[in-house]
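Contents: one structure, followed by commentary.
Just so you know, these numbers come straight off a predicted model, no measurement behind them. Here is how names work: the chains are called A, B, and so on, in the same order as the sequence lines, proteins then strands, and each is numbered from 1.
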Amino acid sequence: MAAPIRVLTAVPICDGHDSAINTINLEFIRHGIEVVYLGYHRYAQDIVRAAIQEDVRAVGISSYNGGHVEFFAEVVKQLKKCGADDIKVFGGGGGTITHDDQRVMQKRGVDKIFFAGTSLTDMTQWVRDRYGKASKRGAGKSAEMKLARKLTEIEDGYANGKRPKKSAATKTKKSPGTRVIGFTGPGGAGKTTLIDELILRLLHREPKARIAILSHDPSVVGEGALLGDRATMINSQDDRVFMRSMATRGQAGGLSPATEDCLRLLAQSGFDYVIIETVGTGQEAMPFQSKLVDQTVLVMNPDYGARLQLQKIVMLDLADIVVVNKSDQDRARTAASEIERRLEQNNRGQRLLSTVAKRHRDPGVDKLCNLLTQDLAPAAKKGGKK
Amino acid sequence: MSKLGRVVEAVERYNGFVEDEVKRARSDKKFGQLMVDRWNEIKAKIPVGTAPTGLKLPRLALPEIDEAGDITRYLLGDGLPGEFPFLNGAYREMYLEPLSQPPVETGAYEKNGHGGKAKLNGSKNGAKPQVTEEPTRLFSGLMLAEDTNERFHFLGAHQRSKRLSTAFDGPTLYGIDSDAPGILGKIGEGGVAVDTVEDMVRLYDGFDLGSPDFSASMTISGPAPIIMAMYIAAAKRRFGNGIVPKLRGTIQADIFKEVQAQNETIFPVEASLRFLTDMMEFTTREMPRWYPVSISGYHIGEAGSTPVQQAAYTLSNGFAYAEMMAARGLDVNDFGPRLSFFLDCGLDVEYIALTRVSRRIWAIGMRDAFGAGPKAQMFKVHTQTSGRSLVAAEFKNNLTRTAAELMLSYMNGTNSCHSNSADEPFTTPSEEWIRLAAHGQAILLDESGIFKHTMNMLSGSPGMKAVERAVEAAILEEFREIERLGGVMGAVENRYQRSQIQTAAHRYEQQIYNGTRPIIALNKYRNDSEEMPEFELARTPRTKQQLQVDRLKKFKAKNARKAEQALAKLAAVVETDENCFPALLEAAEVCSLGQISDCLQEVVGRFRPMV
């Protein structure tokens with residue numbers, strides 16, 4: 001089985017027209033394409049950074065608010081500057097992009113413009129034909145791009161059914177000073193928002209820190225996946241953040257078959273923090289078997305149902321930190337005290353925090369950031385700190 | 001229960017009440033006779049006008065009924081135009097041309113005030129009939145302030161009254177300055193670039209902002225309070241402080257629909273709503289002629305919602321704003337009349353009655369759930385024909401589409417209307433097609449006899465009634481679902497409206513591609529040999545974009561010290577619970593839009609997009 005095509009889609013800066021791209025994203029994923037969706041109102045710089053980190057085959061841009069000639073050309077130019085001109089740029093804008101515009105845009109390196117009236121089927125077919133072929137790709141110019149391409153190699157290795165051989169490198173330990181933090185929890189608990197708020201604080205507190213994020217979204221039946229975490233992670237669009245979105249590609253439990261190897265590579269790449277986020281998980285999930293993970297955070301929603309439900313959540317026994325997010329909700333106090341009692345039974349010194357991640361400058365998230373940056377207790381210390 | 005739940009109860013209760021009264025009129029002879037007498041009295045007082053052909057026609061057409069129950073159902077359930085629950089019109093005469101000679105007997109008929117073709121920004125209720133404004137209000141905005149100003153003067157040349165509707169460019173809509181890195185190509189595209197109070201002065205130059213014939217509409221929501229402050233600052237610069245209470249116009253400022261559909265939000269929702277309420281409190285107290293929010297379904301419709309979703313989300317957003325303002329301690333009878341609406345009109349069958357039903361639900365909800373008096377019960381609406389329904393293939397067909405939508409808009413008794421130009425799928429409309437679009441409205445209202453002689457000309461057909469009933473039931477069902485999710489705010493956080501709209505949009509596209517939704521010249525009667533027409537496109541030249549950047553830099557240099565002080569003060573006020581609009585007004589004198597947005601985002605954070 002061939003590895004799915006990965007493309008990145010986005011809407012340019014100062015443009016909120018996402019109706020067309022939402023429809024196209026759905027059509028792409030139904031036909032086996034993995035779509036990293038960056039969202040609307042996005043700078044060219046953010047698109048290029050994401051395209052390189054995600055190592056997509058192509059970038060699809062949907063523009064309805066004018067300025068497309070400059071914008072598309074800017075994306076092409078910046079990709080080229082980064083040595084990533086094998087990442088192609090295509091797009092459309094209904095009737096707003098004229099044939100004259102298209103000629104200028106193609107002259108400036110845009111691969112393809114779709115005009116109004118193109119059927120979704122034709123567009124999807126074109127993308128599959130054009131970007132589906134295996135092609136020789138360079139190893140990458142920058143360290144970031146090299147890393148991104150290695151991740152692709154690992155991921156596609158699994159997709160092709162050949163589990164990559166353990167090389168010497170994959171056996172070595174992680175870089176000194178790298179802390180790996182795992183986030184898991186049910187869908188809708190606010191993991192992504194919480195991580196993004198954490199990133200904001202880390203970037204602010206540690207002006208030189210570099211952070212990697214490995215984020216997961218489920219694949220749908222028929223191979224494709226919508227990898228949409230980047231669209232809401234406004235603070236993580238930063239040159240000091242390396243983010244990679246992975247589809248689970250058929251594996252249950254919240255992670256992808258290639259996760260462990262990808263995580264190991266990231267942990268060896270000199271980041272100060274490596275954050276890994278699972279897809280929304282169920283009660284029985286224990287996603288982090290890896291010895292690489294230093295700390296695990298379980299993010300909960302206050303409305304998990306009756307207290308009895310807590311007994312069934314396996315991660316409550318395993319997590320180092322439990323966060324009750326959305327603690328502005330009515331049920332949050334009850335939830336926090338019920339979980340507290342549950343954790344007391346374990347008697348493992350697990351920490352419990354309440355947060356409202358969506359709130360600007362939330363003190364609960366500040367506390368979480370403190371817990372995740374202070375020196376690890378010797379018992380929990382697995383990776384070794386500088 | 002949020003107020004929306006009470007609105008649902010109120011409408012159900014009112015519908016039950018109407019049916020009870022119908023029964024009573026049929027069983028209680030005395031009451032029945034009272035209704036019949038009232039009916040006869042109304043009929044007797046209807047003035048008669050004359051068509052140019054000499055044909056005499058009543059100025060109000062009523063159904064041919066004479067049984068007490070039917071009369072009761074009509075008078076209470078539908079209401080005469082201008083009467084609760086306003087199904088047939090917000091005003092009594094709407095688009096009727098004035099009678100050349102006043103009727104001998106006016107009586108009760110005149111009491112309700114004149115129709116007010118353009119009462120959206122209208123005169124006082126109960127005022128004498130006067131030469132009213134045309135309902136035409138065309139949206140425009142391009143390049144720099146002086147270019148849009150020129151377009152405004154061109155458009156205004158055709159009209160007695162000056163009703164300007166302003167489109168802003170992308171950077172302005174997102175509160176970003178023109179000199180920000182990476183946005184040069186966006187300056188003046190799709191609307192006018194406004195960075196400072198000086199741009200605002202240029203934009204409306206030559207118009208008398210305090211005149212009763214002038215009104216400005218500004219289509220902007222994310223940074224609306226900042227733009228409002230700049231408009232006030234510009235007006236003060238030109239006319240002195242005394243101008244403020246005279247200012248007339250509308251600012252869109254609809255945060256809920258941005259989060260649900262249009263995506264032009266820059267602050268987190270709660271903070272946006274706080275800034276909005278601060279502004280509304282100010283305008284309600286200081287600018288009695290201003291409409292501080294235009295509760296908009298247009299963008300919900302354009303994002304691909306069904307017509308019922310459009311009406312349901314728009315109305316529920318409106319009730320949520322009313323609830324917020326009431327919570328501020330404002331009187332519903334002060335702010336209620338200053339809430340106005342903006343709907344999309346496409347070609348789906350629901351549009352035969354969508355606005356009529358919306359008007360009825362709003363009136364009942366405001367009266368029975370908010371305790372509003374008559375002026376605050378009225379759903380006053382601007383309609384725009386659907387841009388989404390227009391296609392690039394054989395684009396001249398768009399004239400017909402827009403004409404049909406205009407017809408539907410006026411059948412629904414819209415208070416004002418924008419007709420799209422046929423070249424809309426390609427570009428900011430050019431003057432040739434704008435002129436045709438404006439003339440389309442004049443042909444319907446002035447040239448044809450459809451709307452100018454008789455009210456209710458097309459109201460109340462059995463088909464329209466059937467649509468009304470089905471649409472009302474479907475809207476209430478949406479309300480119940482929103483209520484279940486914790487009201488409008490709860491539903492927004494659950495991204496309920498967004499996901500409903502996206503699902504509907506996707507279905508619409510699939511219907512086009514599989515042919516079950518015929519779009520002429522696109523998927524039916526397609527002409528594959530057609531060449532795409534070449535337009536002279538309204539693109540902003542690079543030199544103009546650079547000019548805007550240079551002007552802004554000069555402004556910032558000139559005001560650097562004052563700006564710093566004003567922003568520090570603003571930030572300090574925003575940290576408290578105080579109304580921050582006065583501080584915003586001060587900042588607008590010396591700061592750019594981007595400086596103010598950045599300052600506010602520093603305190604309240606940035607909007608986190610919903611996918």
Side-chain angles (χ1 to χ4, degrees), chain A residues 11-20 22-27 37 39-46 64-71 73-74 94-101 115-117 119-122 188 192-193 196-197 200 226 228-229 231-235 326 357-361, chain B residues 169-174 176 181-190 258 261-265 268 270-271 302-304 388 390-393 395 423-428 493-494 501-502 505-506 508-510 513 522-523 526 531-532 534-535 537 539-540 603-611:
Chain A
V11 178
I13 192 71
C14 300
D15 193 342
H17 292 87
D18 65 348
S19 183
N22 279 329
T23 298
I24 292 165
N25 284 345
L26 282 179
E27 198 67 18
Y37 179 48
Y40 52 83
H41 186 38
R42 290 291 172 239
Y43 284 102
Q45 187 192 345
D46 291 336
Y64 281 82
N65 224 9
H68 42 260
V69 176
E70 292 83 356
F71 193 86
E74 183 63 25
T96 67
I97 303 180
T98 64
H99 282 95
D100 277 349
D101 291 341
F115 292 103
S119 81
L120 291 172
T121 316
D122 291 349
T192 308
T193 305
D196 193 48
E197 284 295 312
L200 176 69
L226 182 64
D229 286 343
T232 62
M233 297 183 78
I234 47 178
N235 300 309
K326 306 191 179 179
K358 65 166 186 181
R359 187 163 64 194
H360 188 52
R361 301 191 296 207
Chain B
D169 72 356
T172 309
L173 293 172
Y174 283 97
I176 298 173
I183 63 131
L184 189 65
K186 292 282 184 180
I187 299 172
E189 286 287 327
E258 292 297 342
Q262 209 187 0
N263 302 329
E264 287 160 6
T265 319
E270 272 116 348
E302 291 292 294
R388 182 166 204 263
L390 306 185
V391 295
F395 79 102
D423 57 350
E424 199 110 3
F426 307 100
T427 174
T428 300
E493 286 187 357
N494 279 296
I501 294 166
Q502 284 172 8
H506 193 230
Y508 182 97
E509 292 301 325
Q510 282 175 324
Y513 291 119
L522 185 68
N523 64 3
R526 189 179 168 119
E531 292 263 318
M532 199 155 107
E534 292 297 329
F535 285 94
L537 297 182
R539 296 271 168 83
T540 309
V603 184
V604 302
R606 289 189 288 157
F607 176 68
R608 187 180 298 283
M610 295 188 201
V611 179

Exercise for review: Calculate, to the nearest 0.5 Å, the distance between atoms NE2 and CG belonging to B:His506 and A:Asn25 respectively.
Suggested key: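 Interatomic distance, B:His506 NE2 to A:Asn25 CG, rounded to 0.5 Å: 10.0 Å.
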Check your understanding: In terms of heavy-atom pairs under 4.5 Å with chain B, which of A:Glu27, A:Met233, A:Lys358 leads?
Key ->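 Greatest number of close heavy-atom pairs with chain B: A:Lys358.
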Review point. With respect to chain B, which residue among A:Val11, A:Thr193, A:Val69, A:Asp100 yields the maximal number of heavy-atom pairs within a distance under 4.5 Å?
Key: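 Option with the top pair count is A:Thr193.
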Practice item. Would you mind checking if B:Arg539 and A:Glu70 are paired as a salt bridge, meaning a charged N to carboxylate O distance below 4.0 Å? Key: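 No, A:Glu70 and B:Arg539 are not salt-bridged.
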Point to revise | Cationic N near anionic O, under 4.0 Å, B:Glu270 to A:Arg359 | key: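 Salt bridge flag = no for A:Arg359 with B:Glu270.
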So which of [options] has the largest heavy-atom pair count under 4.5 angstrom toward chain A?
options	result
B:Ile187, B:Asn494, B:Val603, B:Asn523	B:Val603
B:Ala393, B:Ala261, B:Pro268, B:Pro171	B:Pro171
B:Gly182, B:Ala303, B:Ala271	B:Ala303
B:Glu302, B:Arg388, B:Lys186	B:Lys186
B:Val604, B:Leu390, B:Ile183, B:Thr172	B:Val604
B:Glu493, B:Gln510, B:Glu509, B:Arg606	B:Arg606

Practice item. For A:Ser19 and A:Asn22, test the side chains for any donor-to-acceptor distance below 3.5 angstrom and give the result as yes or no. Key: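 The answer is no; no qualifying pair exists.
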Tell me if a side-chain donor or acceptor on [X] pairs with a main-chain N or O of [Y] at a distance below 3.5 Å.
X	Y	result
A:Tyr40	B:Pro609	no
A:His41	A:Ile13	no
A:Asn65	A:Asp15	no

Atom group of [X] that falls short of 4.5 Å from chain B, counting heavy atoms:
X	result
A:Thr121	neither
A:Ala231	both
A:Tyr64	neither

**Study point:** Region of B:Tyr508 that comes under 4.5 Å of a non-hydrogen atom in chain A
**Key:**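 Neither part.
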Exercise for review: Check whether any side-chain heavy atom of B:Arg608 lies under 4.5 Å from a side-chain heavy atom of A:Asp196, and answer yes or no.
Suggested key: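 Side chain of B:Arg608 against side chain of A:Asp196, heavy atoms only: contact under 4.5 Å found.
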